[in-house]
Amino acid sequence: PGIDQLLETPPLVVYVNPRCSHCAKARAWLDQRGIVYEARDVRLPPYRQEFVALGGRGVPLFVARGERLQGFSPPELSAFLERSSIRAHD
């Protein structure tokens, strides 16, 4: 995808694989906090291409406002969301 397409993505995108337990934990963590995100399955070709273009090496991969976070660690994800000005949806 071109940069214009990437800029039109939601504020938070999470690249996942449904078989990934860390992805499931990350999604549950986001859901519990009311964080709005779009999950993209890296097994699907268009999302796989995006994932590779973003330098993804493993899932989950969080992308927000041009920044990336690899892997799921609640403290790191909290800090990442704060830096990206992403908050719970009221």
Side-chain angles (χ1 to χ4, degrees):
I3 189 71
D4 292 338
Q5 289 174 308
L6 292 175
L7 292 174
E8 293 173 8
T9 59
L12 178 62
V13 174
V14 185
Y15 290 88
V16 300
N17 181 322
R19 296 181 184 207
C20 164
S21 63
H22 292 291
C23 297
K25 289 176 188 173
R27 292 178 73 179
W29 189 92
L30 292 167
D31 291 342
Q32 288 167 359
R33 286 156 182 78
I35 305 291
V36 176
Y37 63 95
E38 180 180 319
R40 296 185 176 174
D41 185 342
V42 297
R43 298 175 307 166
L44 302 176
Y47 297 144
R48 181 73 185 167
Q49 290 173 349
E50 290 175 10
F51 177 74
V52 170
L54 289 164
R57 295 182 313 277
V59 289
L61 172 66
F62 303 88
V63 180
R65 308 199 197 293
E67 299 296 321
R68 294 177 296 229
L69 176 67
Q70 187 83 50
F72 175 56
S73 159
E76 288 181 23
L77 183 52
S78 288
F80 175 77
L81 295 174
E82 184 66 30
R83 286 192 309 271
S84 302
S85 299
I86 294 177
R87 292 175 177 74
H89 186 348
D90 297 328

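The basis for the numbers below is simple: all heavy atoms, side chains too, and nothing from hydrogens, waters or symmetry mates. Please read all numbers here as calculations on a predicted model, not as lab measurements.
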Distance in Å, Leu81 CG paired with Arg65 CZ, rounded so as to fall on 0.5 Å steps: 10.0 Å
Ala26 versus Phe62, closest heavy-atom pair with distance: CB-CZ, 3.6 Å
Spatial distance of atom CZ (Arg43) from atom OH (Tyr15) [nearest 0.5 Å]: 15.5 Å
Taking every non-hydrogen atom, the tightest pair across Asp41 and Tyr47: O-CB, 3.4 Å
Atom pairs and distances, side-chain donor-acceptor, residues 18-25, under 3.5 Å, sequence neighbours left out:
none

Atom of Leu54, atom of Val63 and distance for their closest heavy-atom approach: CD1-CG2, 3.8 Å
Non-hydrogen side-chain atoms of Phe72 and Leu30 separated by less than 4.5 Å: no
Check ion pair Arg40-Glu50 (N to O, under 4.0 angstrom): yes
Heavy-atom pair with the smallest gap, counting every atom of Val59 and Gln70: N-NE2, 4.0 Å
